[in-house]
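Every chain is numbered from 1, with letters handed out A, B, ... down the list of sequences.
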Amino acid sequence: MLHCLNSSTSENCEMSVLERQRSRLKQQQQQLSQNHPPIPYFNGNDHLAYSGFHVDQALSDLVLNGGAMKPDPGVEHHDFRRFMNSGSATTDFQMSSALPRTVSYTAAASVNSAPGKESCKKRKADRSPKIAAEEKKMKGCAEEESKITEQNSNSKSTTTTISTSANKNSKGASANGKKASDAPKADYIHVRARRGQATDSHSLAERVRREKISERMKYLQDLVPGCNKVTGKAGMLDEIINYVQSLQRQVEFLSMKLAAINPRLDFDIESYILKEMFPACPPAMEPDHSHLQFNTSVEEVSGSGLEMVVDPMDATLRRTISAPITAQQSFLNSSSLNQIQQVTWEDELRNLYSMEYQQGRSTFISQQITGFLEANHVKLEM
Amino acid sequence: MSSLSQNPKKTLSFSSTMKNPNYNPLKKRLASRFLKAMGRLKCKMSPFPATIEEKRRRHRAVRGAAYASMASAVGPRRAWSRALLRKMKGRKRARRNPRNVDERFGLNLNQLCDVVPGGEGMDSRSLLNETAHYIKCLVAQVQIMREILHSSSSSSTTL
């Protein structure tokens, strides 16, 4: 067997790989009765169908590829299926202490982290250095022999020795190990059996990139309101685009309003606004020539300002504004009347905008808004 | 994960504790800059616009001030702010990269790079990053403008 393994490492022939695997399997099956401890762990894991399948597949992969074969995904996978369908075979794999270090390693790992089997990534994180190391070793014939001898020993001891030796060699092999651990059926070490995945490094990189993109999409989903109902990247992207467009339209609209109101706005008002919005902000924003005006207007503003300071946010601000406005009804002229109307009109618009967010369609509303705006301009000019 | 290590700012925003490395939170900076810009604008603008053209001009000026203050508050850290600043300064030397945003993931990112400034020469991941930050800044800017309007309208009624 050893010489077969030695010769096989230099080759890249699929059929020989299969033959090697089969021979190895027979060899290991002969050593089945030696070890029993791994069984209960794996039985426990069978509850999780997916992860159990992972384990079985991983184990079978490991078993059959224990001889450091070149990647042969398609053939191996089919063979594993056949092997695994026979329940006895799987248990046999599990029982075998002759299973390569990775298998007994899986036993140890499963013992250590019982729920860890569910996530492929966890296994990947745990094992990537070790698997890389093992991968490296398997390329060396001499090490294979040592492994084989190790296999015959106690399973625990094998894992420990392998882990220690793996850690030594893991430095330069992290990238390879990642690839090996990512590729489910390609390499001889299978840690996570990601089924239905391609095996290149290209597809690997693609998968990583795809995960990152989905990460970003999730973050965007949190940012954009009402994105939870829509699933799928395309729909979410549409929602995001609509949201950004609606935000831009809002900026337009608000800037238009600000431009309309601006002439009545004094510098001191702005600095006051800044202060009230951010109480900790230093008064460095005040323009120089506004001090006098500031003192005089503070009194008028303070009446309404107190309420404003208490509730700086929009919804409550509306209610507080109404109080001082009603108190000063006697001073109202036509312009201020229009402004009151404007205030209430702003409420309607805000409601409209909130609706818009939920619906995601605002073209009609924006037309309404522009219509209102024109009407209000007319009123203000009167 | 390697993705986390590659984009520490993103992880920070994930944790939502700090938005930027600056001391002041984003909204404060936006507000201060915008108010400054508005103050400067008011010096130039006539108190009562007679014609519609003047009104439009003012509106455009305010809008430009809003975007400019947004971009300058963020600084050149983000691609969209850089693009906005370039537009403000009138420099059209932006690198016209070919549209390579349509990657194999089938996302229709063309519209997105139309909407988000400076979204042309980027791959999908960074485009999504920029979009997220842009949305945050837009939301903050809109809030600021609304609050200004509120307080200004209320205070002007009392005057």
Side-chain angles (χ1 to χ4, degrees), chain A residues 206 208-213 215-217 219-220 223-224 233-234 237 240-241 243-245 247-248 250-252 254-265 267 269-270 273-274 276-278 281 285 287 297 300-301 303-304 308 312 314 317 321 324-325 328 336 339-340 342-343 346 377, chain B residues 2-3 10 13-14 27-28 31-32 35-36 38-39 41-42 45-49 55 58-59 61-63 65-67 103-109 111-112 115-116 124-125 128-129 131-132 134-136 138-139 141-159:
Chain A
E206 258 197 58
V208 165
R209 204 185 310 136
R210 218 177 298 142
E211 285 168 4
K212 288 182 189 168
I213 286 190
E215 212 181 295
R216 303 280 179 267
M217 295 289 281
Y219 181 63
L220 277 171
L223 270 186
V224 177
K233 283 189 264 186
L237 209 61
I240 290 166
I241 289 172
Y243 185 63
V244 172
Q245 281 173 345
L247 279 178
Q248 283 177 341
Q250 272 204 318
V251 168
E252 279 251 358
L254 285 171
S255 70
M256 221 189 309
K257 285 186 59 178
L258 272 178
I261 290 185
N262 237 357
R264 294 183 198 83
L265 207 60
F267 295 109
I269 301 294
E270 286 187 352
I273 289 166
L274 193 63
E276 118 206 353
M277 282 204 295
F278 308 114
C281 190
M285 306 305 159
S297 60
E300 282 103 10
V301 178
S304 56
M308 288 201 292
D314 295 348
L317 191 57
I321 283 169
I325 285 174
Q328 301 174 11
S336 46
Q339 294 210 354
I340 293 168
Q342 195 180 16
V343 168
E346 279 174 1
H377 276 306
Chain B
S2 61
S3 64
K10 198 67 184 175
S13 52
F14 266 83
K27 201 171 173 194
K28 268 193 200 180
S32 63
L35 285 174
K36 267 194 216 167
M38 292 286 284
L41 269 182
K42 273 206 304 245
M45 288 194 301
S46 57
F48 288 102
K55 269 186 249 157
R58 265 213 293 177
H59 160 55
V62 173
R63 187 185 60 199
Y67 280 117
E103 292 199 8
R104 322 150 223 216
F105 309 104
L107 300 179
N108 188 14
L109 292 173
Q111 299 180 19
L112 197 56
V115 170
V116 175
S124 33
R125 196 188 339 147
L128 292 177
N129 271 351
T131 310
Y134 187 59
I135 285 176
K136 255 197 295 187
L138 269 181
V139 164
Q141 183 75 30
V142 162
Q143 275 178 0
I144 288 166
M145 288 169 80
R146 277 219 198 108
E147 284 168 13
I148 291 175
L149 270 179
H150 267 305
S151 45
S152 72
S153 59
S154 63
S155 56
S156 48
T157 52
T158 61
L159 287 173

Rounded to the nearest 0.5 Å, what's the gap from CD on A:Gln250 to CG on B:Leu138? Could you check? 9.5 Å
So how far is it from A:Leu223 CG to B:Thr131 OG1, rounded to the nearest 0.5 Å? 10.0 Å
To the nearest 0.5 angstrom, please state how far the CG atom of B:Leu128 sits from the NZ atom of A:Lys212. 13.5 Å
Test side chain to side chain contact (heavy atoms under 4.5 Å, CB included) on B:Val139 and A:Tyr243 and set out the steps. CA-CA 10 Å; B:Val139 164; A:Tyr243 185 63; 3.3 Å; yes
Show the nearest heavy-atom pair for residues A:Leu247 and B:Ile135, with the distance to one decimal. CD1-O, 4.0 Å
Region of A:Leu254 that comes under 4.5 Å of a non-hydrogen atom in chain B: both
Please test B:Met145 against A:Lys257 for side chain to side chain contact (heavy atoms under 4.5 Å, CB included), starting from the C-alpha separation and ending with a verdict. CA-CA 10 Å; B:Met145 288 169 80; A:Lys257 285 186 59 178; over 6 Å; no
